[in-house]
Amino acid sequence: MLAALVNFFNPHCIVMTGGVASAGVPLLAGIREAVYRRSMPLAARALEITVSEAPDLSGRVGAARMAIEEFLDEESVETLAR
């Protein structure tokens with residue numbers, strides 16, 4: 001499933017968190033191998049798959065980042081500046 005998402009969205013980075021992050025290097029290596037093997041070469045060319053540095057906070061940090069990006073998008077800033 002992750003390879004299909006890589007092919008569709010073409011992300012530059014995937015950050016693993018939660019149980020996957022705590023499972024360690026062997027699981028991460030297996031995930032990388034499967035994703036790189038099943039993804040289109042162009043989509044996986046510059047893809048980095050890593051583990052979160054703060055797995056306990058990842059959900060909150062991601063939600064905060066989405067809120068900040070939504071609040072500070074170009075259209076919102078222009079509206080607030082008027």
Side-chain angles (χ1 to χ4, degrees):
M1 179 52 98
L2 196 53
L5 293 171
V6 167
N7 290 333
F8 187 77
F9 289 108
N10 195 17
H12 69 279
C13 183
I14 296 174
V15 180
M16 298 294 186
T17 185
V20 175
S22 62
V25 175
L27 182 60
L28 183 62
I31 291 170
R32 283 180 179 145
E33 179 186 347
V35 170
Y36 292 143
R37 185 178 63 241
R38 295 177 180 173
S39 297
M40 297 170 58
L42 188 59
R45 178 180 51 187
L47 177 63
E48 177 187 358
I49 301 176
T50 188
V51 175
S52 173
E53 294 178 11
D56 296 336
L57 299 175
S58 296
R60 288 173 260 175
V61 170
R65 183 172 177 172
M66 286 175 51
I68 290 168
E69 286 176 356
E70 180 68 26
F71 182 72
L72 295 177
D73 73 333
E74 188 175 332
E75 195 173 302
S76 296
V77 171
E78 286 179 10
T79 301
L80 290 172
R82 292 182 192 160

Margin query: Applying a strict under-4.5 Å side-chain criterion to I, L, V, M, F, W and Y, I'd like to know whether Ile31 and Val15 cluster together.
Written below: no

Note to self: Using 0.5 Å steps for rounding, measure from the CG atom of Leu2 to the CZ atom of Arg32.
What the structure shows: 12.0 Å

Pairing residues for [X] by the side-chain contact (heavy atoms from CB on, under 4.5 Å) criterion, not counting sequence neighbours:
{"X": "Val51", "value": "Ala21, Leu28"}
{"X": "Leu57", "value": "Ala54, Arg60, Val61"}
{"X": "Phe9", "value": "Leu5, Pro11"}

Next item on the list: Only counting residues at least two apart or in another chain, list the ones meeting side-chain hydrogen bond (donor to acceptor under 3.5 Å, both in side chains) with Arg65.
Entry: Glu69

Next item on the list: Please list, chain by chain and in numerical order, all residues satisfying side-chain hydrogen bond (donor to acceptor under 3.5 Å, both in side chains) with Ser52, sequence neighbours excluded.
Entry: Ser58

Note to self: My understanding is that a hydrophobic cluster links ILVMFWY residues whose side chain heavy atoms are under 4.5 Å apart, including indirect links. Using that, what else belongs to the cluster containing Leu42?
What the structure shows: none

